Amino acid sequence: MSGTRRTATNVLLHTALENFYGAAEEMRLDENLIAVLGNSERRLEVSVPTEMDDGSIKVFKGYRVQHSSAIGPSKGGIRYHPDVDVDECEALAMLMTWKCSLAGIPYGGGKGGISCDPLTMSMKEKERMSRTFAARIAPIIGTWRDVPAPDVNTGGQEMVWFMDTISKMHAQVEPGIFTGKPISYWGAKGRTAATGYGVATCGLELLKVLGKEPASARVAIQGFGNVGSYTALVMSEAGAKIVAISDVTGVYYSAKGIDIKKAFEHIEKHPKKLLEGFAGADKVDYDIVTADCDLFFPCALEGAVNEKNADKLKAKWIVEGANAPVTPEADKILDKNGVIVVPDFLANSGGVIGSYFEWAQDLSGYFWTEDEYNQRLMHIMKGNFKLVWDYSQGKKIKMRRAAFMAAIQRVADVTKLRGNFL
Ligand code: GLU
């Protein structure tokens with residue numbers, strides 16, 4: 001169409017742009033708005049010199065991308081992974097804009113990360129790297145500017161290093177700049193499990209609208225980190241049979257069902273919180289995407305379901321716990337095969353909704369009980385699931401397209417209200 005479309009060689013950014021342009025066209029969104037929202041407000045690259053334990057200095061590359069601040073401060077995690085680059089951060093930042101918009105919380109979208117392999121680094125090396133990174137992105141983050149959070153391979157400890165560094169720079173305690181902090185240091189009860197609870201809630205709501213009982217569903221979950229483990233726990237507590245789980249150490253399968261509490265106990269004892277050596281299931285050597293199950297939760301990394309394995313998927317339903325785990329090519333194959341997909345930015349929004357609760361508590365200095373937190377989270381997740389499900393049924397479109405259209409509409413409305421030059 002017009003010259004407002006961007007192209008990208010990075011697969012994830014290409015996917016993010018294609019999904020956006022496709023939905024924007026179906027909505028007949030104004031070309032100016034397509035141009036504004038198809039670009040990011042800011043893409044920052046920083047170098048992160050870090051003293052390693054052997055005394056040498058390694059210079060890592062770090063990024064923070066702010067896709068949008070139309071609705072409010074940019075919001076989104078920081079990941080530590082060798083594949084992190086600025087385009088990947090931008091794609092994930094765009095996804096955060098739609099996620100926050102659909103969730104109905106007062107944020108735009110951002111994402112950041114460091115290209116590194118945290119699994120090979122000591123705690124002290126990670127601390128030095130994290131603190132330098134926080135200082136380098138300090139000029140563009142803030143309670144009312146951009147609020148980072150955990151993502152792949154980061155958690156409460158990294159948030160404490162970040163917050164402590166910025167608090168020292170500002171000579172005052174700064175709890176509202178980062179979310180996903182430990183309960184003992186300005187965190188919120190419920191935040192750790194929030195993403196997984198939300199993902200599982202979407203799985204259970206999907207079963208409900210399809211008229212299925214949780215006990216009749218055989219479930220496979222890819223990834224046993226923060227998202228996958230709590231998704232597994234909540235699904236098994238609801239009565240579903242978890243037949244397969246996995247992490248970087250392999251795939252663990254049991255037709256009888258896996259005792260998820262035992263898997264939790266196992267990772268708690270493992271130095272890197274991994275399933276390695278887990279005796280509660282058989283270790284198998286096939287791709288978990290192809291596991292014999294009804295409901296599949298990809299809760300690991302992007303691109304897990306792709307054109308190579310999508311046709312071999314046995315599950316009838318997918319709930320995306322990870323960000324962008326299904327490639328657009330795979331999406332087409334799944335659609336042809338009648339597989340229903342609950343999209344990432346609806347399914348895993350429990351994390352950022354939980355972050356919003358934490359931020360609101362930090363700003364008011366008044367903390368809720370875990371019960372209050374979970375009640376409010378469930379309420380919002382169920383409402384948002386219903387909104388997207390009903391919209392997709394009414395318009396006879398996929399849930400992903402419906403979610404995109406609802407999310408883009410809110411950002412477009414605010415952008416128009418404020419004027420094009422934000
Ligand atoms: N990293 C999470 C996500 O992708 C949480 C982001 C946040 O809480 O800001 O949604």
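The shown structure was predicted, so the numbers you read here are calculated from the model rather than taken from an experiment. Read the numbers this way: they start at 1 and go in the same order the structure lists the ligands and their atoms. Numbers for residues simply follow the sequence, beginning at 1.
Between Val388 and Ala402 the shortest heavy-atom distance is O-CB, 4.0 Å. Closest non-hydrogen pair, Ala347 versus Glu320, comes out as CB-O, 3.3 Å.
For Tyr252 and Phe224, the ring centers are positioned 6.0 Å apart or more.
Contact annotation for Pro148 and ligand 1: no heavy atom of the residue comes within less than 4.0 Å of the ligand. Contact annotation for Glu358 and ligand 1: no heavy atom of the residue comes within less than 4.0 Å of the ligand. Contact annotation for Thr195 and ligand 1: no heavy atom of the residue comes within less than 4.0 Å of the ligand.
Among all protein heavy atoms, the one lying closest to atom 9 (O) of ligand 1 is Lys75 NZ, 2.8 Å. The protein atom (non-hydrogen) at minimum distance from atom 3 (C) of ligand 1 is Lys99 NZ, 3.3 Å.
Taking every non-hydrogen atom of Arg191 and a distance limit under 4.0 Å, the qualifying atoms of ligand 1 come out as 5 (C), 8 (O). Atoms of ligand 1 found under 4.0 Å from any heavy atom of Asn323, numbered from 1 in the order shown, are 4 (O). Against a heavy-atom cut-off of under 4.0 Å, Pro150 is close to the following atoms of ligand 1: 1 (N), 2 (C), 5 (C). Close approach of ligand 1 to Met96 (heavy-atom distance below 4.0 Å) involves ligand atoms 3 (C), 4 (O), 6 (C), 10 (O).
Counting non-hydrogen atoms of neighbouring residues, nucleotides and ligands closer than 6.0 angstrom, the NZ atom of Lys261 reaches no more than 12 such neighbours. No more than 12 heavy-atom neighbours from other residues, nucleotides or ligands sit within 6.0 angstrom of NZ on Lys61.
When Ile353, Leu95, Asp151 are checked for heavy-atom proximity to atom 1 (N) of ligand 1, Asp151 turns out nearest.
Neither side chain, Glu41 nor His67, offers a donor N or O lying under 3.5 Å from an acceptor on the other.
Not one N or O of Ala149 is nearer than 3.5 Å to an N or O of ligand 1, by distance alone. Taking any N or O of Ser355, backbone or side chain, at least one lies under 3.5 Å from an N or O belonging to ligand 1.
Contact between Lys111 and ligand 1 is present, with at least one heavy atom of the residue lying under 4.0 Å from the ligand. Residue contact check for ligand 1: Gly180 places no non-hydrogen atom closer than 4.0 Å to it.
Salt bridge absent: Lys58 and Glu51 never bring a charged side-chain N and a carboxylate O closer than 4.0 Å. In summary, Lys262 and Glu265 do not engage in a salt bridge, as defined by a charged side-chain N under 4.0 Å from a carboxylate O.
The backbone N or O of Pro328 sits nowhere less than 3.5 Å from a side-chain atom of Glu18 that would complete a donor-acceptor pair.
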